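The structure appears below as structure tokens.
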There are 2 protein chains.
Amino acid sequence: MNDELKIDKNSVIPIYYQLAKLLEGQILRGELKPGEALPTETEIANRFEISRMTVRRAISELISAGMVKAQQGKGTFVSSPKLNNVFIELNDFDEEIEKIGLKLNTTILGAKIVKTDSRLMRIFEIDDPNTRFLFYRTVLSADDERLVYECKYTFYTKKKPILESNIKDPSLTGLVKANIDVLPVSSKKVLQVSVATKEEARILGIPINAPVFVAEELLYDLEKKPVGWSKAIYRGDRYQLTIYDGWLRIDN
Amino acid sequence: MNDELKIDKNSVIPIYYQLAKLLEGQILRGELKPGEALPTETEIANRFEISRMTVRRAISELISAGMVKAQQGKGTFVSSPKLNNVFIELNDFDEEIEKIGLKLNTTILGAKIVKTDSRLMRIFEIDDPNTRFLFYRTVLSADDERLVYECKYTFYTKKKPILESNIKDPSLTGLVKANIDVLPVSSKKVLQVSVATKEEARILGIPINAPVFVAEELLYDLEKKPVGWSKAIYRGDRYQLTIYDGWLRIDN
DNA sequence: GAGTGGTCTAGACCACTGA
DNA sequence: CAGTGGTCTAGACCACTCG
């Protein structure tokens with residue numbers, strides 16, 4: 001049985017990959033149903049005359065794709081596709097726009113040094129009221145249409161001059177890297193929905209109270225200290241978030 | 001040198017895990033900076049007197065955490081934390097609410113059989129104008145406050161009776177599974193921002209034109225055919241999306 | 001050609017589950 | 001207890017990169 005389920009040991013395609021694809025096919029075609037057990041690793045190894053380590057490499061691909069789950073002492077079982085609360089790939093807003101083929105353009109509305117206030121002290125977890133921040137206001141446009149209005153803050157250090165013309169990378173990460181000698185390694189983003197204020201509506205050229213996304217981003221350094229904060233207003237009529245979910249496929 | 005960088009080969013903790021954590025620590029402490037090369041696999045294996053396969057297992061943990069990248073023929077290099085367009089964990093709205101400790105309650109406002117229309121034919125990719133759908137309207141509440149209004153559609157098959165009292169799992173996935181003998185394995189969600197219509201405002205008890213999230217979900221079966229569709233209206237003042245990004249840590 | 005990571009083997013011992 | 005997956009070894013050969 002299973003005549004076409006063969007593996008070419010002399011192929012340039014790795015054995016573990018051929019085997020993973022073979023098992024993935026059986027699962028996707030429903031020949032192996034959720035809850036069912038895969039053949040044991042030893043069985044598969046004997047059947048295809050390959051090493052058990054190679055079988056394990058193949059199965060580990062399926063595990064990381066979320067299609068099967070191994071249980072020590074029991075066996076390896078086909079998972080039910082979990083359609084919630086899983087790892088997903090979220091395309092960055094801006095890359096999404098560029099894919100469509102529009103030209104993106106960032107305009108710096110202003111850059112200045114500001115004193116701290118209670119909000120910034122809370123966000124950046126600092127006590128010193130003399131701390132000063134660099135404050136940037138930028139607008140992202142595509143084809144002369146304004147899409148995003150963004151306010152960005154990072155610590156001010158006298159080390160480097162702030163020349164507006166000198167800003168190569170106006171993203172929050174870029175500004176932090178340019179102004180303080182720190183590498184942001186993690187971030188937290190909060191996405192909310194709101195309606196445009198008068199100022200936001202004016203800058204983006206949309207009606208007051210039009211729906212907008214509000215995306216706050218907080219950047220952290222290696223020691224989990226906040227090093228940058230931004231608040232971005234996205235036009236609600238131009239942005240949407242698309243999320244794909246379910247079993248990840250191996251490779252493509 | 002590096003006295004504390006040791007591995008206990010007799011520990012219950014796997015060697016590959018100890019080594020992965022050791023290397024992760026060096027990267028997080030900045031002893032290995034982005035762009036720098038790790039020692040070669042053979043070097044590490046000799047240094048700790050372990051097998052190269054075990055070293056590879058450790059490094060593969062770092063690779064899947066996105067902290068390093070291996071390049072055949074060249075070496076293994078510490079990655080720069082990529083703070084955009086990466087895999088992220090998106091908590092499901094509802095699970096998020098339950099974590100806070102609120103009791104969730106789903107009310108079924110109605111369930112009926114409807115004829116198809118041009119919108120449903122487009123969404124479900126069908127041609128037959130005689131197709132009929134099951135149409136559910138539900139409301140999700142927490143502590144007597146209405147949070148989400150949802151309209152759900154799935155194919156109507158006469159196989160099973162539709163008893164409202166019989167609905168155990170009112171999620172879209174649950175309804176699809178209950179009504180047609182099909183297992184949804186993947187989904188596509190689109191998140192948009194909008195303002196509440198008159199009907200939505202009435203049902204959710206919010207002002208007309210209040211900001212809301214609109215989440216459309218399309219469920220697919222094994223053959224990538226749409227089997228369920230829902231459109232959910234989330235109160236904008238009660239929901240937000242939090243996204244963590246950057247280097248994933250190994251385990252906890 | 002020397003050195004790197006990528007694949008693969010044929011064993012071994014262990015920890016865990018279930019009858 | 002027999003059978004499962006989890007870890008580990010000490011080799012081997014390959015494909016790739018770069019001088």
Side-chain angles (χ1 to χ4, degrees), chain A residues 6-24 27 32 34-79 250-252, chain B residues 6-24 27 32 34-79 250-252:
Chain A
K6 278 187 292 205
I7 280 181
D8 181 0
K9 295 175 80 165
N10 298 317
S11 165
V12 287
I13 300 166
I15 296 174
Y16 79 86
Y17 184 83
Q18 295 181 51
L19 178 56
K21 275 293 183 188
L22 189 154
L23 293 169
E24 182 194 41
I27 293 170
L32 283 167
E36 273 188 63
L38 264 58
T40 68
E41 296 174 349
T42 316
E43 267 175 44
I44 297 176
N46 292 337
R47 161 108 76 98
F48 294 103
E49 295 176 296
I50 56 179
S51 159
R52 195 186 142 216
M53 282 297 275
T54 305
V55 176
R56 283 181 62 73
R57 173 71 200 271
I59 289 178
S60 79
E61 300 283 315
L62 297 175
I63 290 172
S64 59
M67 302 185 84
V68 304
K69 199 175 171 193
Q71 286 178 262
Q72 183 168 153
K74 295 182 71 177
T76 305
F77 301 89
V78 180
S79 306
I250 296 173
D251 229 17
N252 292 323
Chain B
K6 278 186 291 205
I7 280 183
D8 181 0
K9 295 175 82 165
N10 297 318
S11 165
V12 288
I13 300 167
I15 295 173
Y16 79 86
Y17 184 84
Q18 296 181 51
L19 178 56
K21 276 294 183 189
L22 189 155
L23 293 169
E24 183 195 40
I27 294 171
L32 283 167
E36 273 188 63
L38 264 60
T40 68
E41 296 174 351
T42 315
E43 269 175 42
I44 298 176
N46 292 337
R47 160 109 75 100
F48 296 102
E49 296 175 296
I50 56 179
S51 159
R52 193 184 143 218
M53 282 298 274
T54 305
V55 176
R56 284 182 61 73
R57 173 71 201 271
I59 290 178
S60 79
E61 300 284 315
L62 297 175
I63 290 172
S64 58
M67 302 185 82
V68 304
K69 198 175 171 194
Q71 285 178 261
Q72 184 168 150
K74 295 182 71 176
T76 304
F77 302 88
V78 180
S79 305
I250 296 173
D251 229 19
N252 289 323

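Keep in mind the model is a prediction, meaning the values are calculated, not measured. A note on names: the letters A, B, ... follow the listed sequences, proteins ahead of strands, and every chain is numbered from 1.
With rounding to whole Å, B/I13 atom CD1 is found 13 Å from D/dT7 atom P. Here C/dT9 presents its P atom at 15 Å from CZ of B/R56, a figure rounded to the nearest Å. Residue B/I7 contributes atom CD1, which lies 14 Å from atom C1' of D/dT7 at whole-angstrom precision. In this structure, B/E49 places its CD atom 14 Å from C1' of D/dA10, rounding to the nearest Å. Nucleotide C/dT7 holds its C1' atom 11 Å from the CE atom of A/M53, rounded to whole Å. The separation between B/I50 atom CD1 and D/dG11 atom C1' is 16 Å, rounded to whole Å. For B/Y16 and D/dT7, the OH to C1' distance is 8 Å, given to the nearest whole Å. Nucleotide C/dT9 holds its P atom 5 Å from the CD1 atom of A/I15, rounded to whole Å.
Applying the salt bridge (charged side-chain N to carboxylate O under 4.0 Å, His left out) definition to pairs two or more places apart or across chains, those involving residues 55-66 of chain B are B/E41-B/R56, B/R57-B/E61.
Here the nucleotide nearest the side chain of A/T54, chosen from C/dT9, D/dT9, C/dG5, is C/dT9. The side chain of A/P14 lies closest to C/dT7, out of C/dT7, D/dG5, C/dT9.
Partners of B/Q72 according to the side-chain contact (heavy atoms from CB on, under 4.5 Å) rule, which considers only residues two or more places apart in sequence or in another chain, do not exist here. Take B/N10 and apply the side-chain contact (heavy atoms from CB on, under 4.5 Å) test, not counting sequence neighbours, and it matches B/D8. B/S79 pairs by the side-chain contact (heavy atoms from CB on, under 4.5 Å) definition with B/K69, B/W247, not counting sequence neighbours. The side-chain contact (heavy atoms from CB on, under 4.5 Å) search around A/S64 returns none, not counting sequence neighbours.
Nearest heavy-atom pair, A/L32 versus A/A37, reported as atom, atom and distance to 0.1 Å: CD2-O, 4.1 Å. Considering all non-hydrogen atoms of both residues, B/S51 and B/A45 come closest at C-CB, 4.2 Å. Between A/F77 and A/G35 the shortest heavy-atom distance is CD2-O, 3.6 Å.
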Find every protein N or O atom lying less than 3.5 Å from an N or O atom of nucleotides 17-19 of chain D, and list the pairs.
residue	atom	partner	partner atom	Å
D/dC18	OP1	B/K74	NZ	3.1

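Contact check for A/L19 versus A/I44: side-chain heavy atoms found under the 4.5 Å cut-off.
Between A/K21 atom NZ and A/I7 atom CD1 the span is 13.5 Å, to the nearest 0.5 Å. Note that the OH atom of B/Y16 and the CE atom of B/M53 stand 13.5 Å from one another [nearest 0.5 Å]. Between B/Q18 atom CD and B/K6 atom NZ the span is 12.0 Å, to the nearest 0.5 Å.
Within residues 57-64 of chain B, no residue is approached by DNA chain C to less than 4.0 Å at the level of any non-hydrogen atom. For the segment residues 38-46 of chain A, the set of residues with a heavy atom within less than 4.0 Å of an atom of DNA chain C is empty.
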task = Begin with the C-alpha distance, continue with both residues' side-chain angles, and end with the deciding distance and a verdict on side chain to side chain contact (heavy atoms under 4.5 Å, CB included) for B/V68 and B/L38.
result = CA-CA 9 Å; B/V68 304; B/L38 264 60; 4.0 Å; yes
request  = Could you walk me through whether A/I59 and A/T76 pass side chain to side chain contact (heavy atoms under 4.5 Å, CB included), step by step?
outcome  = CA-CA 9 Å; A/I59 289 178; A/T76 305; 4.2 Å; yes
ask   = Pairing of DNA chain C as dot-bracket, 5' to 3': ( ) intra-strand, [ ] crossing, | other strand, . unpaired, with Watson-Crick or G-U pairs under 3.5 Å?
value = ||||||||||||||||.|.
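In this structure, A/S51 does not reach the C/dC8 phosphate: none of its side-chain N or O atoms is under 4.0 Å from OP1 or OP2.
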